[in-house]
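Some notes on the structure that comes next.
Proteins come first, then strands; the chains are lettered A, B, ... in the order of their sequence lines, and each starts at number 1.
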Number of protein chains: 2
Amino acid sequence: MKQSLKSKSTQDLILNKSFEMFYSNGFKSTNIPDIMRKTSLSKGAFYHHFKNKHEIGIKVIENIITKRIQDGFIVPLEDYKNKNIPELLLYIFTERIKKFSEKEKELGCPANNLINEIGCSDSEFRILLRNLIDSWQIALVKVLEFGKAKNQIHSNVNCSALATCLIGSFEGIRGIRKIYDNNQIFDNYIIGITHYINAIKKK
Amino acid sequence: MKQSLKSKSTQDLILNKSFEMFYSNGFKSTNIPDIMRKTSLSKGAFYHHFKNKHEIGIKVIENIITKRIQDGFIVPLEDYKNKNIPELLLYIFTERIKKFSEKEKELGCPANNLINEIGCSDSEFRILLRNLIDSWQIALVKVLEFGKAKNQIHSNVNCSALATCLIGSFEGIRGIRKIYDNNQIFDNYIIGITHYINAIKKK
DNA sequence: ATAAAAAAATACTAATTAGTATGTTTTTAT
DNA sequence: ATAAAAACATACTAATTAGTATTTTTTTAT
């Protein structure tokens, strides 16, 4: 294989396996030899492509976790101009949860897991994760403001507050689900959030 | 000092310092020598009173974290019969957040931190934390049902779903707050949750 | 074809840390 | 007062793991 391609594909492999292990076991509990066992490569290969464990953490956030949130929760918000906003919110915050894989249900949100595991202690991780949540918040506010302008959302709604609550409750529920063995908590969340979104609709 | 008292007070000291360190640094990142440095006792004292790190983790959940949630969020729900339920909810979910210490704002909820750090991996921790959330959920549902019966809460509210959403959003917000340096996220949450609680009031 | 550079493997170092073994001090029961 | 037991301290072991140094293999440019 061409060297430049090989290098890129090895880096991607390490990146993906790192993400999987961080997601399943947490960042701190994952060690480099374990990651590399999953890639069938050696520790030497790891340190040839990455400076240290911190760097792979950063790159996993930048290249995988950020992309997952963007693709899953921000991009679907983008084409909002010819959509009914309350319906769009219901789609994103209830329909998508139903489509989660078992693994995603059991393991929670990769971003939220990292926020809670190392949000306080590592400032670089913290900033990237904050930017991610900020982007989501901004995209949501934009959509909510549009919905308000189009008379689809009641005028007494504070869009920034609502966006924060939608994100917070979604992440909180995904966290709490982790200690259960069934989806009752998601079912309850879906009922509750549907009720809430219906309540802010302009009749 | 009498031996039995001394033993108890040493155990309590180790327990409290362990909680503080787990809360600040996470469970996995906290080591026994660091805990014992804070108690000004030796490692030998630790292993005389506790079997291993896992046991102190269990006891911290049982004796400290559970008590904090109970005292802070379940006990205030108990004397609900002569209170207005929406007001009681507002008190617990908005007034109490305003009274948090800086540390509590920065470090999030000890229970939620543990849920997210080790909720998936350790079954004993998991069960204790689940029991804790279950107790909270049950206490909340009871109060909400009462509010519904007293015509203070709208009849179309699903009490179990609402309880789950209240707990989930509260924990989620406390988690996300950890990556910020200010209380904007709490301010937004308070506005949003106040709006929600007002929306379910029977007029 | 071959020298240089990149990729990857192997062997090693150094630090951390859970847990144990053993010794010393303090308290208690007689 | 003293033997036993509990409380605590010190010294050690063994395992883990991040990161480095060195060597081998593969690819590239000439």
Side-chain angles (χ1 to χ4, degrees), chain A residues 1-61 63 114 117-118 121-125, chain B residues 1-61 63 114 117-118 121-125:
Chain A
M1 201 194 286
K2 243 189 168 174
Q3 202 170 60
S4 60
L5 281 179
K6 194 175 183 184
S7 175
K8 178 76 169 67
S9 87
T10 299
Q11 283 177 47
D12 284 348
L13 180 65
I14 295 173
L15 215 50
N16 284 314
K17 295 297 179 189
S18 298
F19 165 73
E20 281 175 27
M21 300 230 38
F22 296 159
Y23 189 25
S24 302
N25 312 331
F27 178 76
K28 287 171 190 164
S29 298
T30 300
N31 58 59
I32 310 297
D34 275 352
I35 294 170
M36 296 315 283
R37 237 183 302 280
K38 290 231 170 186
T39 65
S40 303
L41 290 169
S42 70
K43 207 170 163 178
F46 179 91
Y47 284 98
H48 176 71
H49 291 286
F50 300 96
K51 212 175 72 197
N52 51 31
K53 190 180 173 185
H54 186 260
E55 187 182 85
I56 191 83
I58 294 292
K59 297 220 164 146
V60 163
I61 299 176
N63 299 324
L114 269 182
E117 188 189 349
I118 38 181
S121 46
D122 184 294
S123 72
E124 271 194 88
F125 280 30
Chain B
M1 202 195 287
K2 243 189 168 175
Q3 203 171 59
S4 60
L5 282 180
K6 194 175 183 183
S7 175
K8 178 75 171 66
S9 87
T10 298
Q11 284 178 47
D12 285 348
L13 179 66
I14 295 174
L15 216 51
N16 284 313
K17 297 296 180 189
S18 296
F19 166 73
E20 280 175 28
M21 301 231 36
F22 295 159
Y23 189 26
S24 302
N25 312 332
F27 178 75
K28 288 170 189 162
S29 298
T30 300
N31 57 57
I32 311 297
D34 275 353
I35 294 170
M36 296 314 284
R37 238 183 301 283
K38 291 232 171 185
T39 65
S40 304
L41 290 169
S42 69
K43 207 170 164 178
F46 180 90
Y47 283 98
H48 176 72
H49 290 286
F50 300 96
K51 210 174 75 198
N52 51 31
K53 191 181 173 186
H54 186 261
E55 187 181 85
I56 191 83
I58 293 293
K59 297 221 165 149
V60 162
I61 299 176
N63 299 323
L114 270 181
E117 188 189 350
I118 37 180
S121 47
D122 183 293
S123 72
E124 271 194 88
F125 280 32

Side-chain contact check for A:Tyr47: nearest option of C:dT27, D:dG19, C:dA6 is D:dG19

Regarding the side chain of B:Lys53, the nearest nucleotide among C:dA7, C:dG19, D:dC8 is C:dG19

Checklist entry - Between A:Phe125 and A:His54, what is the ring plane arrangement, given parallel below 30°, perpendicular above 60°, and tilted in between? => result parallel

Separation between CD1 (A:Ile61) and CZ (A:Phe19), nearest 0.5 Å, reads 11.0 Å

Rounded to the nearest 0.5 Å, the CD1 atom of A:Ile14 sits from the OG atom of A:Ser9 at a distance of 9.5 Å

Find the distance [X]:[atom1] to [N]:[atom2] and express it as a whole number of Å.
X       : N      : atom1 : atom2 : answer
A:His54 : D:dT17 : NE2   : C1'   : 18 Å
A:Phe50 : C:dA8  : CZ    : P     : 11 Å
A:Ile56 : D:dA18 : CD1   : C1'   : 14 Å
A:Lys28 : D:dA18 : NZ    : P     : 14 Å
A:Leu5  : C:dA7  : CG    : P     : 11 Å
B:Lys6  : D:dA9  : NZ    : P     : 9 Å
A:Lys8  : C:dA7  : NZ    : P     : 13 Å
A:His49 : C:dA8  : NE2   : C1'   : 8 Å

Would the distance check show the side chain of [X] and the main-chain N or O of [Y] forming a donor-acceptor pair, the cut-off being under 3.5 Å?
X        : Y       : value
A:Lys53  : A:Phe27 : yes
B:Ser24  : B:Met21 : no
A:Glu117 : A:Lys28 : yes

Please tell me if B:Thr10 has a side-chain N or O lying less than 4.0 Å from either OP1 or OP2 of D:dC8. yes

query = For B:His48 and D:dC8, is the shortest distance between a side-chain N/O and OP1 or OP2 below 4.0 Å?
reply = no

So, with a heavy-atom separation below 4.0 Å from DNA chain C, the residues of residues 29-46 of chain B are B:Thr30, B:Asn31, B:Ile32, B:Pro33, B:Lys43

Smallest heavy-atom separation, B:Ser42 atom then B:Met36 atom, equals O-CE, 3.2 Å

Between B:Glu55 and B:Phe50, the two heavy atoms sitting closest are OE1-CA, 3.3 Å

Axis-to-axis angle across the helix from C:dA1-D:dT30 to C:dT30-D:dA1, five pairs each end, nearest 10 degrees, ~ 10°

*asked:* Salt bridge check, B:Asp34 against B:Lys38: does any charged N sit closer than 4.0 Å to a carboxylate O?
replied: no

